[in-house]
Amino acid sequence: MSTYQHIAQRRAHVPVRQLCQVLRVAPAAYYAWQRRRQQPVVEPAWQLAVREVFAHHNQRYGTRRLRAEVQAQGHAVGRWRIRRVLKAHGLWAQQPRSFVPRTTDSDPAVRAAPNRLLGQPAPPPRTGSGWATSPTCPARAAAGSTWPSGSTAARAKSWAGTYATPCRRT
């Protein structure tokens with residue numbers, strides 16, 4: 001509590017001049033302080049802009065982004081002044097929640113999902129070359145012409161038009 005506030009509290013009982021003498025304060029200084037308290041404080045435009053931008057962005061922006069927004073509006077103000085204004089008004093930027101993946105259950109009592117692949121039949125054995133005969137052209141199949149299986153099938157089909165004889169329907 002300041003000296004002037006002590007004087008203002010005691011003023012009802014004791015004259016102001018005596019309180020000023022005891023506290024070693026000039027009476028003119030006390031009255032000047034009292035006049036300043038009664039005048040409305042005009043808030044600078046940049047402070048108003050800071051609070052508006054802060055509210056506009058749902059109290060998510062910190063001082064760095066607030067400074068960029070306020071400077072874009074034409075106010076020359078730094079981060080630390082913005083920080084002081086936010087602190088004076090009791091405003092704090094809300095931190096986003098940290099990402100916590102919910103893919104596993106750490107409870108050891110919970111059973112794991114059953115392995116459904118164990119009940120499947122085994123895949124057929126691969127041939128030595130990895131090529132299969134063409135089921136669409138009996139003439140090629142009889143002649144031993146083959147098509148690639150798997151991921152190279154698309155490329156092999158484009159080669160087939162160039163290097164293979166056309167399939168004649170019989």
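Side-chain atoms of His57 and Glu69, non-hydrogen and from C-beta on, do get closer than 4.5 Å to each other.
Side-chain contacts under 4.5 Å among hydrophobic residues (ILVMFWY), followed directly or transitively, place Phe99 with no other residue at all. As a member of the Ile/Leu/Val/Met/Phe/Trp/Tyr network built from side-chain separations under 4.5 Å, Val50 groups with Trp46, Val53, Phe54, Tyr61, Leu66, Val70, Val77, Ile82, Val85, Leu86, Leu91.
The two residues Pro27 and Cys20 make their nearest non-hydrogen contact at CA-SG, 3.7 Å. For the pair Ala93 and Arg60, the tightest heavy-atom approach, listed with the atom from each and the gap, is CB-O, 4.0 Å. The heavy-atom pair separating Ala49 from Gln73 by the smallest distance is CB-OE1, 3.4 Å.
Sorted by first and then second residue, the pairs that involve residues 76-92 and meet side-chain hydrogen bond (donor to acceptor under 3.5 Å, both in side chains), not counting sequence neighbours, are Thr63-Arg79.
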